[in-house]
There are 2 protein chains.
Amino acid sequence: MRDGPDIARVAALIGDPARANMLSALMSGKALTATELAQEAGVQAQTASSHLSRLVEGGLVAPRKSGRHKYFSLAGEEVAEVLEALMGLAAGKGHLRTRTGPKDQAMRQARVCYNHLAGEMGVQMFRSLQAQGVLVGPDLQVSPRGRQFLKALGLDLASLPKSRAPMCKECLDWSARQSHLAGRLGRALLSHFIEEGWARRQADSRVVQFTPQGLHLFEKHFGKAVRPQEDFA
Amino acid sequence: MRDGPDIARVAALIGDPARANMLSALMSGKALTATELAQEAGVQAQTASSHLSRLVEGGLVAPRKSGRHKYFSLAGEEVAEVLEALMGLAAGKGHLRTRTGPKDQAMRQARVCYNHLAGEMGVQMFRSLQAQGVLVGPDLQVSPRGRQFLKALGLDLASLPKSRAPMCKECLDWSARQSHLAGRLGRALLSHFIEEGWARRQADSRVVQFTPQGLHLFEKHFGKAVRPQEDFA
DNA sequence: CATATAGTTCGATCTATAGCGAAGCATAAA
DNA sequence: TTTATGCTTCGCTATAGATCGAACTATATG
């Protein structure tokens, strides 16, 4: 007993509805101001302020001041991964907050997970990258051939900002229940898609909307995303 | 806003110290009775009973009656994976409940994660299985050659109980921060090690103790576990 | 049967904390 | 400067829920 890290502290921090809403909103990857987060959570500014300081103190969220605004974002990919894992569990248990809608389907197809592409297309991309030998081995190294492939896409690895963060990391998807690509490369690919006009972010949600041409190009490079059979209603 | 699954409910369930202790204890993979869990959590039996019914209702824990005892276990691997992810986050943030002790080091080396091997040796085994081509592809299929390898170990896949649960699944390690093998094969391998006398479970913790011969055999088949460099004190 | 043990249910208490109104800072614009 | 906006601190209330004592049910054992 009393082994290991203190789970309860972190879980309790996520376990409040207001804070959970804030964190979910931050899964969009955008940094949001305190008032925006207050609206998102459905509470007054003072309440939000208190919640936010607790999230910061708990290391789940990072603050950044800019003028008279204060922006908040998730403290790192690990936080995003825990949130995705929780979403997966909650979805599996049928603890859905809203009934399934058209937006929900779009979310399953392609959405942003903190800073990279998730959903069926995210999973498809990840599998394809492995199948094509772009990412090899258990630690997901980019092969020389992979560099070429990425270069052909217009992405130069050498131009990525250096950082101690891992280049490639897996992240478990709550909708598809398969891994997709996180890490610096995952981030770079998503922003590349958006810069190149393949896709664009939907204003107030995590949905990623591919254009017809973008979808065509995506399928050309990564194959077609097959919807996995759902075994629960 | 209000997208996706209801994270807060699950997180709040995990977020109570008593319940978190119970869940951590269940990470050992053993089914425990209500009174044992009460002791583990440090609360009275009535309190534990209330907590347990909430955990069951929330789908995190599965009850099983046996005579006048009632055993509880984690409801599935997904639950275990969320708990491991939370441990990783908490450990990374330095939210350790106890100071590092000798037991802690043993935990990092080899421990049980619900029903499979985790820790440095778990990670090493997973990598080796991939490097040797036993598990191939993004969905971790067992190759024909892999079947042979396992057979040589004394493990016949055909004899495993059939189930809809996946044969191989990744699980992220909170100590090593790398994936290790979960799923039916992961479970089978750990029990095989124990049956063959390579290792045994420590009585009241999640530590897995390898015998000298067992360690030797393990290294012969899976290579030597290298401790990753720690970049935080 | 009586007795012990495992677990649950009920009721009462008590604490932690989410929530907000009001006032106080800080930064930016006019 | 004044005025407006973003955020925080203080103080209070209300409420959820964690805890336990005591009584109750169910299963095993002698």
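Order of the sequence lines sets the chain letters (A, B, ...), proteins ahead of strands, with each chain counted from 1.
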**Report entry** Check ion pair A:Arg111-A:Asp104 (N to O, under 4.0 angstrom)
**Finding:** no
Query raised in the report: Are any of the side-chain nitrogens in B:Lys30 or B:Glu40 under 4.0 Å away from the carboxylate oxygens of its partner?
Result: no
Tell me if a side-chain donor or acceptor on [X] pairs with a main-chain N or O of [Y] at a distance below 3.5 Å.
X	Y	value
A:Thr211	A:Gly214	yes
A:Thr33	A:Lys70	no
B:Ser50	B:Gln46	no
B:Arg201	B:Ser28	yes

Report task. Drop me the distance from A:Leu74's CG to A:Met22's CE, to the nearest 0.5 angstrom. Result ->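 The CG atom of A:Leu74 sits 12.5 Å away from the CE atom of A:Met22.
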**Report entry** Whole-Å distance separating the NE2 atom of B:His69 from the P atom of C:dT8
**Finding:** 13 Å
Query - Contact boundaries on DNA chain D for chain B, cut-off under 4.0 Å to non-hydrogen atoms - result: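 Range of nucleotides within reach of chain B: D:dG17 to D:dA28.
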Query raised in the report: When the ring planes of B:His180 and B:His116 are compared, do they come out parallel, tilted or perpendicular, using 30° and 60° as the limits?
Result: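 The arrangement is tilted - the two ring planes meet at 30° to 60°.
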Report task. For B:Thr33, report the nucleic acid contact type (base, sugar-phosphate, nothing); a contact means any heavy atom under 4.0 Å. Result ->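 Sugar-phosphate, backbone atoms only, no base.
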Query raised in the report: Do other residues, nucleotides or ligands put more than 12 heavy atoms under 6.0 Å from the CZ atom of A:Arg187?
Result: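 Open.
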**Report entry** Degree of bending, the helix from C:dC1-D:dG30 to C:dA30-D:dT1 (end axes from five pairs; round to 10°)
**Finding:**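 Axis-to-axis angle, ends of the helix: 20°.
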Requested in this report: Please name the pair of heavy atoms, one in B:Ala8 and one in A:Pro17, separated by the smallest distance, quoted to 0.1 Å.
Outcome: CB-CA, 3.8 Å
Report task. Heavy atoms under 4.0 Å is the rule here; annotate nucleotides 14-26 of chain C 5' to 3' with B where the base is hit, S where only the sugar-phosphate is, and - elsewhere. Result -> ----SSBBB----
